[in-house]
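Right, one structure below, let's go through it.
To find a chain, count down the sequence lines: A is the first, B the second, and so on, and within it residues start at 1.
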Amino acid sequence: MHNGFYRKLALTNLIKNSQIYLPYLITCTCTIAMFYIMRFISTNDKLEDMSGGPQLTIILKFGSIVIGIFAAIFLFYSNSFLMKRRKKELGLYNVLGLGKWNLALMLFHENCIVMFGTIAAGLGSGIIASKLMLLLLLKILKTPRWLGFSVSLSSVISTVVLFALLFLLILFYNFMQVRVVNPIELLHGSNQGEKEPKAKWLIAIPSFLALAAGYFIAQWVDSPMDAMGYFLIAVLLVIFGTYGLFTTGSIVLLKFLRSRKRYYYRTKHFITVSGMIYRMKQNAVGLGNICILSTMVLVMISGTVSLYVGQEDVMNTRYPFTIELIARHGSEEVRKELEQITDEELNKVGIDDAATESCLYYTVTADYSDNSIGKAENNDSMKDICIAYFVTAEQHEALTGEKLSLTGSELGIWLNGDALPFDSLSIFGTNCTPVSVERTGIKGLDVNDIYDTFYIVVPDDAAMEQFYQTIRTIEPAADQFTATVGIDSKADSETLDSFYHALGERTADMDEVWVESRSENKVDFMSMYGGLFFVGIFLGSLFLMATVMIIYYKQIFEGHEDKERFRIMQNVGLSRKEIKTTIHSQVLLVFFLPLFTAVIHIAFAFKVITKLLYLLNLTNVSLFLTCTLITIGAFAAIYILVYSLTAKSYYKIVQ
Amino acid sequence: MTILEVRNLKKTYTTRSGSTQVQALSNVNFSVERGEFVAIMGESGSGKTTLLNLLASLDKPTSGEVCLEGIPLSSVPENKLAVFRRDNLGFVFQDFNLLDTFSIQDNIFLPLVLSGKQYKSMQFMLQPLAKSLHISDILNKYPYEVSGGQKQRAAVARALITNPKLILADEPTGSLDSKATGQLLQIFSELHEQGQTIVMVTHSLQAACRASRVLYIKDGEVFHQIYRGQMSKEAMYQRLSDTLTALTTGGGEIA
């Protein structure tokens, strides 16, 4: 038999199995295209040269690595699906006289067709779509787009190499599948009665504990720094718990239900419980995958979307003023000098709507425990670190227009913008009594979100100096006074730009003084959040595609399994309608369990994710909540749509 | 007393394109008395299984009528058919038709659970039945863990547990080895002695010679029938064998 024969046989096989192969081919093509596009964009020179380009490129490169790893796992996974489904067919060929070597040759040709076909199609569509995606990215970044179309040869090469290698590994795996089984086993491959799983308490209990621990960590973390440290642990615990509970927990629960005779031997429960034991045993891992993927899609899209949408907020949090002058070695004189420079330059440039706010304060980073703050110990935990801002009553009045009359050891103290929850506070050994007055946070000071922040108003300069000296002796590394002048103006960007540069020139020779402009920094933020947004959407759709595909395959599998069951039940005395409703409810339960679980995961993760977003300066929790809810809604809609579309092929098989 | 009556039964299948019509049953008439053990024989494609499906109300005749205890099956509304089947008929199939998702015991309980019986009364009904069918010790196993003979005995238990008026068996020995076949036929004989009405479709002489009456179907009609009367099993076997030879070789009159 010559090669032409095998090629023909392989092609016929693919066409005959198109119901299961077509989705596989489409997924391969899309994955390849997406990988190429990500490589193409992340290695684009023009993009890298853009301002904010380097960090954008890093994010995109990271994205392409994730796609690569994911592609490997996912293609393997779907291939194993296909092979399971085709065991009977291969067994038949074997019985009909194709030896293992012949089968291997046939698989080799099939694999070659799939490989060449999908790589060609994937690269083709990737190259065409790459320009489109680049334009989309530029639009997201709000950067002027450039014309021209290019193909990145290095990206083509890396794509081909990666996927050729993957297909080679898949081929090897398929060879092993054929090698280890005998024809009779192959023939009965798909309808072998599987052993009923034992109730694996040993896995179920730790899984439950892991999930509980993951949830607990997510609820317990309070500070963003903790969130960063514990997030990964919580995620791993939850993933472990999810798989464990899907595979064993569900069965332990169902078996418990079965052991309760009065419950189990009811018409409704009887078929559902036993059917679910069987289904969970076969589908648990797949459902776990769907659940984890769905959770990732939800987190990624809602997080990156809210960062992107909340950019203004982020900018306003990080840069409270349009332009701000900051002197690290501040004093009353420096503050006055900065004010004067500002006024002069404002006049020179001709900005007349400017609102300026100047401030002289003193900050110290300290340890915070119970009702005292003191020297920061040099430990790794950032949990108890706080920042204290000291201003004089005079300053406070100038900033807020609010007069505080402080007597004796009385200080105005607020914690994170709220009244202090204690009756007294020891500040580096000095006992103070807080006066509580309602007030809101002060722009640029006192609400930091990452650390606990004390805002302390002292009666006068003398008191200020006294605190300063006390703290300096205990904490020699403490900061000096900081003087700032913040300017808000709605002048056009050109005027502001020249004002910004003029300030820069005027303060160039002063000691540790710098000028920050919100709009100057905007580009950097934009490229970072825009890049994250782009990668988030990109990976989100990739994971979504994977989810869709797993659901589709599961439906087909379930269909073939249920076909036989359908017939038997009818013979035993169930009406078609009864069978349809019981099976339908089981299938619904199976497919919506992962979505349901994913939503619970998100609900528990919500708090810790908001803390993580704090680190990225996004403090708008309600924005994130809105984004999350919309994402969940949209995802659920797509999920239901996919389910109902694939359910059609299910019913086609069953009937 | 007549338990089952089949009158002028006709079944025509139309191919999917609608162009050709295949006549599976052309005109079948017979009746079964209470307590009879009737075997229906015929070659492959003679319409045996079609007939059984019609008796079981799993399919509808083109014309003619099947009456169970005088009730025409066509008068039972579609949505009541499943319940009707469950209450009046017991099935034994060639490929057992046990559900892999249930243990043997639960497979047997299935029709009872569907009728809403209590667990205690189900247990009460199962124990003697399991004992007489020698399946007491495999009740907690799953269908894929037991042998073909055991599976078929479990299927018989499932058919019997509702005390059906009529047992319908479709090639019950078709998937069994000779030992299991012998055991199963012994069970059928015992059931018959206890007064259970059985209609069995088969083309195994060994199975048919246990019956009290054998009907031959050929080209969609009842062609011939033989009563066992006082004949021994062996004599019946010889008689059936001769008849079958005569029928298939197309020989003249049958004695």
Side-chain angles (χ1 to χ4, degrees), chain A residues 188-198 251 254-255 257-283 558 560-583 586-587 590 655, chain B residues 52-53 56-59 76-103 105-123 126 140-146 151 155 158-159 161-162 164 168 170:
Chain A
H188 295 167
S190 41
N191 53 4
Q192 237 167 23
E194 281 189 40
K195 268 245 155 68
E196 171 159 354
K198 300 259 170 289
I251 286 164
L254 288 166
K255 282 201 158 180
L257 290 179
R258 196 174 62 179
S259 69
R260 292 184 48 201
K261 306 276 184 236
R262 297 184 64 130
Y263 175 87
Y264 178 54
Y265 290 105
R266 289 259 169 280
T267 314
K268 240 178 150 179
H269 307 150
F270 191 58
I271 295 172
T272 311
V273 171
S274 65
M276 282 304 289
I277 290 180
Y278 198 78
R279 276 171 215 275
M280 284 315 290
K281 177 179 72 176
Q282 298 219 311
N283 295 321
E558 293 281 291
H560 283 289
E561 296 253 310
D562 287 346
K563 195 178 174 181
E564 183 64 12
R565 238 170 274 159
F566 230 87
R567 194 179 62 77
I568 296 176
M569 284 193 201
Q570 206 180 341
N571 287 341
V572 177
L574 249 79
S575 67
R576 287 187 76 79
K577 215 176 129 198
E578 281 175 302
I579 301 169
K580 221 171 165 175
T581 42
T582 51
I583 289 199
Q586 287 178 41
V587 173
V590 164
Q655 272 158 13
Chain B
L52 201 77
N53 282 343
S57 70
L58 288 168
D59 204 352
V76 181
E78 180 73 41
N79 55 354
K80 295 267 166 54
L81 262 182
V83 177
F84 180 82
R85 256 202 313 270
R86 198 153 73 207
D87 291 346
N88 297 299
L89 305 172
F91 294 93
V92 181
F93 298 90
Q94 175 176 359
D95 51 358
F96 323 127
N97 276 355
L98 296 174
L99 288 163
D100 264 352
T101 51
F102 287 118
S103 65
Q105 170 173 305
D106 289 351
N107 263 297
I108 299 171
F109 280 165
L110 187 61
L112 294 182
V113 175
L114 295 178
S115 316
K117 290 269 186 319
Q118 289 294 315
Y119 176 67
K120 277 229 172 95
S121 67
M122 292 196 288
Q123 272 294 348
L126 174 66
N140 288 321
K141 293 212 158 126
Y142 281 77
Y144 46 81
E145 294 173 319
V146 302
K151 273 192 228 181
R158 182 179 63 189
I161 201 158
T162 53
L168 295 172
D170 187 1

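- In terms of the side chain to side chain contact (heavy atoms under 4.5 Å, CB included) criterion, residue partners of B/Val83 (sequence neighbours excluded) are, by chain and number, B/Arg86, B/Asp87.
- If you measure heavy-atom distances from B/Leu114 to chain A, the contacts under 4.5 Å come from both the backbone and the side chain.
- Applying the salt bridge (charged side-chain N to carboxylate O under 4.0 Å, His left out) test to B/Asp95 and every residue at least two apart in sequence or in another chain returns A/Arg567.
- Contact count against chain B (heavy-atom pairs under 4.5 Å) is highest for A/Lys261 among A/Lys261, A/Arg262, A/His269.
- Proximity to chain A is absent for every atom of B/Lys120, based on heavy atoms less than 4.5 angstrom apart.
- Using cut-offs of 30° and 60° for the angle between ring planes, the B/Phe109 and A/Tyr265 rings count as perpendicular.
- Shown here for A/Gly275 and B/Thr101, the closest heavy-atom pair between the two residues is CA-CG2, 4.4 Å.
- Note that CD1 of A/Ile568 and CG of B/Asp100 are 8.0 Å apart. Values are rounded to the nearest 0.5 Å.
- Proximity to chain A (any heavy atom under 4.5 Å) is shown, for B/Phe84, by neither the backbone nor the side chain.
- In this structure, A/Arg266 CZ and B/Lys117 NZ are separated by 13.0 Å, a value rounded to the nearest 0.5 Å.
- Taking the six-membered ring for Trp, A/Phe270 and B/Phe102 have ring centres closer than 6.0 Å.
- Here the options are B/Leu110, B/Asp106, B/Val113, the test is side chain to side chain contact (heavy atoms under 4.5 Å, CB included), and the partner is A/Ile271; only B/Leu110 passes.
- Only the backbone of B/Leu98 comes within contact range of chain A, with heavy atoms under 4.5 Å apart.
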